[in-house]
Number of protein chains: 2
Amino acid sequence: MASPAPVFSRVERVTLNGLAYEGLKSALLSGRLEPGAVLTLRQLADELGTSMMPVREAVSRLAAENALAVLPNRGIVVPQLDSAAAADIWDLRITLEGDASARAARHATTADIEQMTTLCREVEVAGRASDLHGALERNNAFQFAVYQAARSPVLLRLIEVLRMQSVPHCSAAVRVMLAERPAYFAQSWSNHAALIEAIAAHDAEAAQGIKQRDLEQFRAFVESVRSRQP
Amino acid sequence: MASPAPVFSRVERVTLNGLAYEGLKSALLSGRLEPGAVLTLRQLADELGTSMMPVREAVSRLAAENALAVLPNRGIVVPQLDSAAAADIWDLRITLEGDASARAARHATTADIEQMTTLCREVEVAGRASDLHGALERNNAFQFAVYQAARSPVLLRLIEVLRMQSVPHCSAAVRVMLAERPAYFAQSWSNHAALIEAIAAHDAEAAQGIKQRDLEQFRAFVESVRSRQP
DNA sequence: AATTGACATCTGTGATCACAGCTACCTATA
DNA sequence: TATAGGTAGCTGTGATCACAGATGTCAATT
């Protein structure tokens, strides 16, 4: 039942191309890039200490995933979503992240649940310490721990792609939340606790419902902030 | 209500990079590339009459989408899915293509339904004329016409990504089907007719169910062929 | 004073070159 | 004859260069 004793972890080739991609992906997923922000290949290459070549392939990938947009001879921009595109992505996020939560409830191991619990507690600790940036990061890690437990690499990848488009669109709202509404955070903790509970009970439908309601709530919040400050 | 009279269609920049990507995507989606087939950048560049540069960016994108795999210093290969990966992709195809069919039922216009009907009839005509390759191509066009009617560019893109991984895995089974089981085709026509009917009636649940059953059937067929000839 | 034109400067795109890594073939050895 | 070792010929990766296109500035013109 256990694997036959993995003495060595498989070595994986690392390319500058891949590093550039991971760096940009992480910047997008953690909300460090604002919509409308303009980058250039040369600037990114300088920051990475490489030539333009690896960066342009990374950007090319991100552009294919609509996570970045290339302005012909003007630079690279983080796309600004109109409301139709945003709604499109929200709907799919709710479908797929709900689905992933349900699958996590079906397949999560004890170790998975332990990790979720740990991360969830770390979010809480960071929140209480008013380390909001840290709380956000832990929060992200928690959610991806859930999706990882779904045991579907393809689904995980799709969720990543959707989030790379969605997160920048939410970053303004997140800033508002951190500044004005730390109470909103507390609510999300209780959501997380309920989610873990459902997953631990292997109740797929409950997990899916909790996650979807959580996302709907957040979506409504983001939209209310956007309508307030256009 | 109508748009304000578009006199000129927006010009779109075309790059060799994009052309290479589209060419490879089309080859994958139409089943012209077998799993295990090995390509090289230089060969692809020669075929396109360009340098390696545009090709490698296109390949880089496809590799990021798991539609191609890069063997470090050995070439580029169309991935062979193990049964776990195949099951993963099938599950998601059934979810998302079912979802798209439901959305199509909600949003399809008269023009959409007309186009579906036309394409469906063309599949039938090609099938009767024993133009199996043409029938396959029309069949693909029909399905994407449905998904296009879902009015969700993001969902359409996700389906494309999944299909690029799935189609090569099915190509052997499709070959068997064309050779030995043309009757299977007839069945798919009736599925298509029922799907159009449900969409025309704006019955989202029915459309979703029909599409999902259709895919389950095809999945079972593909798996039976694979287990027969490993 | 307003408008038009040209130019300097920046961008991404594509081509070419250099290089390290992996295979597979082939030879020399036991 | 079987095996080990070396080498030649591929591969993708990365760097550098050349170029066309878009933009914003600034001056000349009306």
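Here is the naming used below: chain letters follow the sequence lines, and residue numbers restart at 1 for every chain. The shown structure was predicted, so the numbers you read here are calculated from the model rather than taken from an experiment.
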Original post:
Counting side-chain heavy atoms from C-beta on, which of dT16(C), dG14(D), dT11(D) comes nearest to Thr40(B)?
Top reply: dT11(D)

Original post:
Does any donor-acceptor pair link the side chain of Arg56(A) with the base of dG12(C) at a separation under 3.5 Å?
Top reply: no

Original post:
Taking atom types as modelled and ignoring hydrogens, do the side chains of Thr40(B) and Arg42(B) form a donor-acceptor contact shorter than 3.5 angstrom?
Top reply: no

Original post:
Has Arg13(A) got a side-chain N or O lying under 4.0 Å from the OP1 or OP2 atom of dG12(D)?
Top reply: no

**OP:** On DNA chain D, check which nucleotide each of Pro72(A) and Ser51(A) is closest to and give me the residue with the more 5' one.
**Re:** Ser51(A)

Original post:
Taking atom P of dC10(D) as reference, at what distance in whole Å does atom CG of Leu44(B) sit?
Top reply: 17 Å

Original post:
Which part of the nucleic acid, if any, lies within contact of Val70(B), taking any heavy atom under 4.0 Å across all strands shown: a base, the sugar-phosphate backbone alone, or nothing?
Top reply: sugar-phosphate

Original post:
Separation of Leu16(B) atom CG from dG21(D) atom P, in whole Å?
Top reply: 13 Å

Original post:
Do the charged groups of Arg175(B) and Glu34(B) touch, with an N to O distance under 4.0 Å?
Top reply: yes

Original post:
Should the pair Tyr147(A) and Phe144(A) be assigned to parallel (<30°), tilted (30 to 60°) or perpendicular (>60°) ring geometry?
Top reply: perpendicular

**OP:** In whole angstrom, give the distance that lies between atom CD of Glu57(A) and atom C1' of dG14(D).
**Re:** 9 Å

Original post:
Rounded to the Å, how far apart are Arg42(B) CZ and dA18(C) P?
Top reply: 13 Å

Original post:
Nearest-Å distance, CE (Met52(B)) to P (dT16(C))?
Top reply: 12 Å

**OP:** Return the value, rounded to whole Å, for the distance between atom CE of Met53(A) and atom C1' of dC17(C).
**Re:** 11 Å

Subject >> Atom-pair distance (CG on Asn73(B); C1' on dG21(C)), nearest Å >> reply: 4 Å

Original post:
Quick one: on DNA chain D, does Leu71(B) or Arg74(A) contact a more 5' nucleotide (nearest heavy atom)?
Top reply: Leu71(B)

Original post:
Between dG14(D), dG12(C), dG14(C), which nucleotide has the shortest distance from any of its atoms to the side chain of Thr15(A)?
Top reply: dG14(D)

Original post:
Any side-chain heavy atom of His169(A) sitting closer than 4.5 Å to one from Pro79(A)?
Top reply: no

Original post:
Taking NZ, NE, NH1 and NH2 as the nitrogens, is one of them in Arg151(B) or Asp112(B) under 4.0 Å from a carboxylate oxygen of the other?
Top reply: yes

**OP:** May I have the distance from Asn17(A) (atom CG) to dA20(C) (atom C1'), rounded to whole angstrom?
**Re:** 17 Å

